[in-house]
Amino acid sequence: MALTGRAALLAALGSVPVGLLAPSWTGLIAVNSPLALAMMCDYALAAPVRSLRFTRSGDTSVRLGDAADVTLTIENPSRRPLRAQLRDAWPPSSWTPGTETTASRHRVDAPPGERRRVTTRLTPTRRGDREAERITIRSYGPLGLLNRQGSHKVPWTVRVLPPFHSRKHLPSKLARLRELDGRTSLLTRGEGTEFDSLREYVPGDDTRSIDWRATARQSAVAVRTWRPERDRRILLVLDTGRTSAGRVGDAPRLDAAMDAALLLAALATRAGDRVDLLAYDRRVRALVQGKAAGDILPSFVNAMATLEPELVETNSRGLASTTLSTAPRRSLIVLLTSLDAAPVEEGLLPVLPRLTKGHTVVVAAVADPRIQKMATARGTVDGVYEAASAAQAQAERRRTAEKLTRHGVTVVDAAPDELAPALADAYLALKAAGRL
């Protein structure tokens with residue numbers, strides 16, 4: 001039972017010392033019986049909070065950056081009207097800073113035996129599962145002198161999914177894919193492509209594509225058209241070790257790697273390829289495989305939602321063994337990891353021959369755009385030192401990439417905003433060259 005501001009005012013008007021109100025009702029009644037009686041009646045008329053019934057409904061998932069609405073239904077089974085203030089508590093990362101107070105607090109007025117609904121709008125700032133904490137409700141009497149207060153636990157979980165910012169690049173990559181697939185006038189041919197159809201020769205076509213037998217049977221020169229092979233296997237491997245925790249801009253490297261993986265998965269699915277996902281550091285953190293084309297993206301974002309970087313050194317031998325067991329047949333393995341010299345030279349390079357022996361391997365890494373900015377700094381002593389340090393870091397990164405290239409690995413090294421389209425371009429280039 002709490003003493004409200006109105007009760008304190010009435011106590012003052014009734015010449016009742018405030019100190020007498022807290023210890024017990026006995027002293028209050030002895031000093032000012034009418035006021036005490038009014039307060040007791042007000043408290044008795046407040047709807048009980050323990051008997052209230054709560055149910056939840058609404059969104060169970062939301063993309064990071066969007067809003068989710070969770071509806072709370074309050075049922076008042078008592079014979080007294082409910083006049084209450086309610087706080088629907090969630091973890092701090094469920095709201096953008098500064099909005100929690102207004103979003104989580106609600107005024108509730110429910111007549112006896114009726115229900116009321118309030119909606120809490122969540123605007124999460126981090127991926128993962130956000131679980132409702134406790135509901136605190138404060139029920140007032142008709143005079144607002146005293147109140148009843150209690151808490152209830154009503155479970156509900158909202159899963160915050162990766163945002164997939166690189167989706168905007170998908171139309172242009174699909175247009176390029178249609179060119180490779182022979183659906184437009186620009187046709188390409190690679191060593192591993194499949195015969196598609198015959199069409200009439202136009203100036204500029206590769207003469208090696210002329211089908212002389214078909215030409216002999218008709219009056220015009222016929223050329224073969226080709227399309228990249230379909231039903232290839234692709235395994236996306238997310239390194240969730242300590243290097244993925246490094247922040248580039250406002251997000252960890254792992255988030256940029258996820259965004260690139262989603263774009264490549266969407267593109268490869270449209271190309272008719274089969275795509276699986278593996279997240280690993282010292283053990284398997286997520287594994288998605290064998291999904292139908294329509295289920296790949298939903299399964300991927302659901303698996304990625306709860307992934308967080310682990311502050312441990314990635315076990316490269318374990319990663320290689322798990323990758324090979326997940327992709328026993330020839331596949332395109334896309335490893336989204338770091339290009340830092342020590343982890344690559346001590347961990348990845350020794351196990352790389354096992355991967356490249358039977359698979360095509362692509363290593364994609366998130367570069368820090370601030371390094372490029374530092375490399376151009378001039379004018380001050382600090383700027384010159386920053387430029388020298390940045391140049392050294394870039395040179396070391398290039399040497400690491402060259403070592404991987406000598407092992408037959410395709411390296412994609414780009415800033416967070418550019419990694420996803422660059423990785424998609426590398427995939428299309430491999431497909432055009434018939435290496436898948």
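Side chains are part of it too, since the values below use all heavy atoms of this structure and drop only hydrogens, waters and symmetry mates.
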- prompt: In terms of side-chain geometry, is the basic nitrogen of Arg242 or Glu310 positioned less than 4.0 Å from the acidic oxygen of its partner?
  reply: no

message: Under a 3.5 Å distance rule, please check whether Asp59 uses its side chain to pair with a backbone N or O of Asp69 as donor and acceptor.
response: yes

- request: Check for a donor-acceptor pair, side chain of Thr400 on one end and backbone N or O of Glu396 on the other, with a separation under 3.5 Å.
  value: yes

message: Within the 3.5 Å criterion, strictly below it, is a donor on His106 or Thr120 matched to an acceptor on the partner's side chain?
response: yes

task: Using only heavy-atom distances, determine whether the side chains of Ser57 and Arg117 contain a donor-acceptor pair under 3.5 Å.
output: no

Ring-face cation of Arg148 near Tyr43 (centre distance under 6.0 Å, axis angle within 45°): yes

Determine all donor-acceptor pairs shorter than 3.5 Å in which one atom belongs to a side chain in residues 368-376; sequence neighbours excluded.
residue : atom : partner : partner atom : Å
Asp368  : OD1  : Arg370  : N            : 3.0
Gln372  : OE1  : Gln394  : NE2          : 2.9
Thr376  : OG1  : Lys373  : O            : 2.8

- request: Verify salt bridge (charged side-chain N to carboxylate O under 4.0 Å, His left out) between Asp273 and Arg233, making sure each step is shown before the conclusion.
  value: CA-CA 6 Å; Asp273 294 334; Arg233 295 176 178 270; over 6 Å; no

- prompt: Does a side chain donor of either Thr157 or Asp129 reach within less than 3.5 Å of an acceptor in the other side chain?
  reply: no

query: Between OG of Ser316 and CG of Leu355, what distance do you get to the nearest 0.5 Å?
result: 10.0 Å

task: For the residue pair Ser325 and Thr322, confirm or rule out a side-chain donor-acceptor distance under 3.5 Å.
output: no

- request: Please lay out, stage by stage, how Glu402 and Arg397 fare under the test salt bridge (charged side-chain N to carboxylate O under 4.0 Å, His left out).
  value: CA-CA 9 Å; Glu402 289 170 359; Arg397 199 172 181 90; over 6 Å; no

- request: For Ser338 and Asp340, indicate whether the former's side chain and the latter's backbone hold a donor-acceptor pair under 3.5 Å.
  value: yes

query: Do Arg274 and Thr269 have side-chain N/O donor and acceptor atoms under 3.5 Å apart?
result: no

message: Phe300 vs Leu262, test: side-chain contact (heavy atoms from CB on, under 4.5 Å). Steps then yes/no.
response: CA-CA 7 Å; Phe300 277 23; Leu262 289 175; 3.9 Å; yes

query: Shortest non-hydrogen contact from Leu161 to Asn302?
result: CD2-CA, 4.2 Å

- prompt: Pro421 and Leu263: which non-hydrogen atoms are nearest, and at how many Å?
  reply: N-CD2, 3.9 Å

query: Using 4.0 Å as the upper bound for N to carboxylate O, is an ion pair formed by Arg56 and Asp88?
result: yes

message: Test your reading of the model: is there a side-chain donor-acceptor pair from Arg63 to the backbone of Asp66, 3.5 Å cut-off?
response: no

field: Distance in Å, Asp425 CG paired with Leu267 CG, rounded so as to fall on 0.5 Å steps
entry: 9.0 Å

message: Hydrogens and angles aside, do Arg130 and Ser93 bring a side-chain donor and acceptor to less than 3.5 Å of each other?
response: yes

task: Output yes when Asp259 and Arg167 qualify as a salt bridge under the 4.0 Å nitrogen-oxygen rule, no when they do not.
output: no

query: Checking side-chain contact (heavy atoms from CB on, under 4.5 Å) for the pair Gln149/Val49: CA distance, chi angles, key distance, verdict?
result: CA-CA 7 Å; Gln149 180 170 310; Val49 296; 5.9 Å; no

message: For a quick check under 3.5 Å, do Ser78 and Asn76 share a side-chain donor-acceptor pair by atom type?
response: yes

